[in-house]
Enquirer: 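First the structure, then my questions, so here it is.
What's counted below: heavy atoms across the whole structure, side chains too, no hydrogens, waters or symmetry copies. Below, chain A is the first sequence line, B the second, and so on; all start at residue 1.
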There are 2 protein chains.
Amino acid sequence: MANTPQPGTRERVVRAASLLMQRQGYEGTGIKQVAQEAKATLGSVYHFFPGGKQELGVAAVQHADQEFAELLSTSLSAEADPAKAVVACAGELARLLRDSGWVDGCPISATALETTGRAPDIEQAVAEAFQHWRDLVAGTLREAGFPEGDARDLAITVISTLEGAELTAQVAKSETPLRVAGEHLARLIDSYKR
Amino acid sequence: MANTPQPGTRERVVRAASLLMQRQGYEGTGIKQVAQEAKATLGSVYHFFPGGKQELGVAAVQHADQEFAELLSTSLSAEADPAKAVVACAGELARLLRDSGWVDGCPISATALETTGRAPDIEQAVAEAFQHWRDLVAGTLREAGFPEGDARDLAITVISTLEGAELTAQVAKSETPLRVAGEHLARLIDSYKR
DNA sequence: GTCTATATCTAGATAGAC
DNA sequence: GTCTATCTAGATATAGAC
């Protein structure tokens, strides 16, 4: 479990790239800026990512995938009732977004939108991340007794709605869209219990 | 009603900018590319937009705002029952996205995410667009007899969910997320009727 | 693995003739 | 209003010493 034995250069570069791309998007983030933020030299970045910016983009998305999956798992397991868990999750996203000064939204949305149809490697990493997150939600619902089909459909809408509400909250600089979405998702989930 | 008497240069530039930024984002779209796509010269672009790329970005977002508002109005008034109207709307978005080869998602999401916290003018135009769209949905719900508070909250979630489902559908290159979101939103809206 | 220096290209923006 | 030519800065990427 010891998981912070001083990060190596590669790890620092990936983290910096992931954070910057979350906030500025893929196109808006420069490799020099990543190197600077990671306290690495440009040569080191290209040493670890000979494929250049695209390869770095893929690594950044995969890193964000893992990080967000952990956040999701933790939030979802905070409550036994999945409806309440989703409310807690939305609340946690709202808190993190607000505390960041409204800059830390979904870690991969910007990159996803900018590269769709133009960078197949990144596109695939993004698709896998979304699938990963949906699977986590679907698993939670199945464990709570929801039938397979309902769990899958609800997972799609839970992730979609959280994504959209995070974007809306970021744009409006308000927690409200995420709070409201959480309550509405809980209501939707509960409507399947009957 | 005669509304296409051959667009002037300014109009062509705005349309091209709006379309390119929808597909590639703000950072990923070059002014030269906009000029070329609009069959205008670089000099003309700067003649109409002396404020440069930022000013052009604002105009592109405002244009997209109007266009999407019309799409929304048309879709929503296709059905008298607001729950059915939202399903129709989601279906229309899915159709347009698929027909574009999965490139034409929300016209301003990419720009919104890239410029948040970094270009106040664009940020504001984006915030106004989202508010505009929410108001349209809220108006539809009020006209159908929903009380003010419910209409406002539901409008927030309808727009948020459509945004997120469009992103999810685009990434997955599948209509399913939008179709499922439409059905779930209808279910949510109906749950307020009782 | 890390560093500096640099090559190459394209971006946003400007100038001034027409 | 439109055009071409050009400036400058910054981007991605590479080379080669250490």
Enquirer: For residues 159-166 of chain B, run the donor-acceptor check on the side chains, cut-off 3.5 Å, and write out each pair with its distance to 0.1 Å, sequence neighbours left out.
Expert:
| unit_1 | atom_1 | unit_2 | atom_2 | d |
| --- | --- | --- | --- | --- |
| S160(B) | OG | T168(A) | OG1 | 3.1 |
| S160(B) | OG | I156(B) | O | 3.0 |
| T161(B) | OG1 | T161(A) | OG1 | 3.0 |
| T161(B) | OG1 | T157(B) | O | 2.8 |
| E163(B) | OE1 | S109(B) | OG | 3.1 |

Enquirer: Cut-off 3.5 Å, no hydrogens considered: what does the side-chain donor-acceptor table look like for residues 61-79 of chain A, sequence neighbours left out?
Expert:
| unit_1 | atom_1 | unit_2 | atom_2 | d |
| --- | --- | --- | --- | --- |
| D65(A) | OD1 | H132(A) | ND1 | 2.7 |
| D65(A) | OD1 | W133(A) | NE1 | 3.2 |
| S73(A) | OG | A69(A) | O | 3.0 |
| T74(A) | OG1 | E70(A) | O | 2.8 |
| S75(A) | OG | L71(A) | O | 3.3 |
| S77(A) | OG | S73(A) | O | 2.8 |
| S77(A) | OG | T74(A) | O | 3.2 |

Enquirer: Tell me which donor-acceptor pairs under 3.5 Å the side chains of residues 35-49 of chain A have, and how far apart each pair is, sequence neighbours excluded?
Expert:
| unit_1 | atom_1 | unit_2 | atom_2 | d |
| --- | --- | --- | --- | --- |
| T41(A) | OG1 | S44(A) | N | 3.3 |
| T41(A) | OG1 | S44(A) | OG | 3.2 |

Enquirer: Please give, in whole Å, the distance from dT2(C) P to K39(A) NZ?
Expert: 15 Å

Enquirer: Give the table of side-chain donor-acceptor pairs shorter than 3.5 Å for residues 137-153 of chain A, with sequence neighbours excluded, one pair per line with atom names and distance.
Expert:
| unit_1 | atom_1 | unit_2 | atom_2 | d |
| --- | --- | --- | --- | --- |
| T140(A) | OG1 | L136(A) | O | 3.1 |
| R142(A) | NH1 | E148(A) | OE1 | 3.4 |

Enquirer: Quick check on contacts: within residues 22-32 of chain B, what sits under 4.0 Å from DNA chain C by heavy-atom distance?
Expert: T29(B), G30(B), I31(B), K32(B)

Enquirer: With ring pair (Phe, Tyr, Trp, His ring centres under 6.0 Å) as the rule and sequence neighbours excluded, what pairs involving residues 72-120 of chain B come up?
Expert: none

Enquirer: Separation of R12(A) atom CZ from dT2(C) atom C1', in whole Å?
Expert: 11 Å

Enquirer: If I take atom NZ in residue K53(A) and atom P in nucleotide dG10(D), what distance separates them, rounded to the nearest angstrom?
Expert: 16 Å

Enquirer: Give a yes/no on whether any side-chain N or O of T9(B) is located under 4.0 angstrom from OP1 or OP2 of dT2(D).
Expert: yes

Enquirer: So does S44(A) get a side-chain nitrogen or oxygen closer than 4.0 Å to the phosphate oxygens (OP1/OP2) of dT2(C)?
Expert: yes

Enquirer: Atom CD of residue position Q33(A) - does it have more than 12 heavy atoms of other residues, nucleotides or ligands inside 6.0 Å?
Expert: yes

Enquirer: Who are the salt bridge (Lys or Arg N to Asp or Glu O under 4.0 Å) partners of R23(B), not counting sequence neighbours?
Expert: D104(B)

Enquirer: Which protein N or O atoms sit under 3.5 Å from an N or O of nucleotides 14-18 of chain D?
Expert:
none

Enquirer: Once you round it to whole Å, what is the distance between C1' of dG10(D) and CD of Q36(A)?
Expert: 14 Å

Enquirer: Run the salt bridge (Lys or Arg N to Asp or Glu O under 4.0 Å) test against E175(B) and tell me which residues pass, sequence neighbours left out.
Expert: R98(B), R179(B)

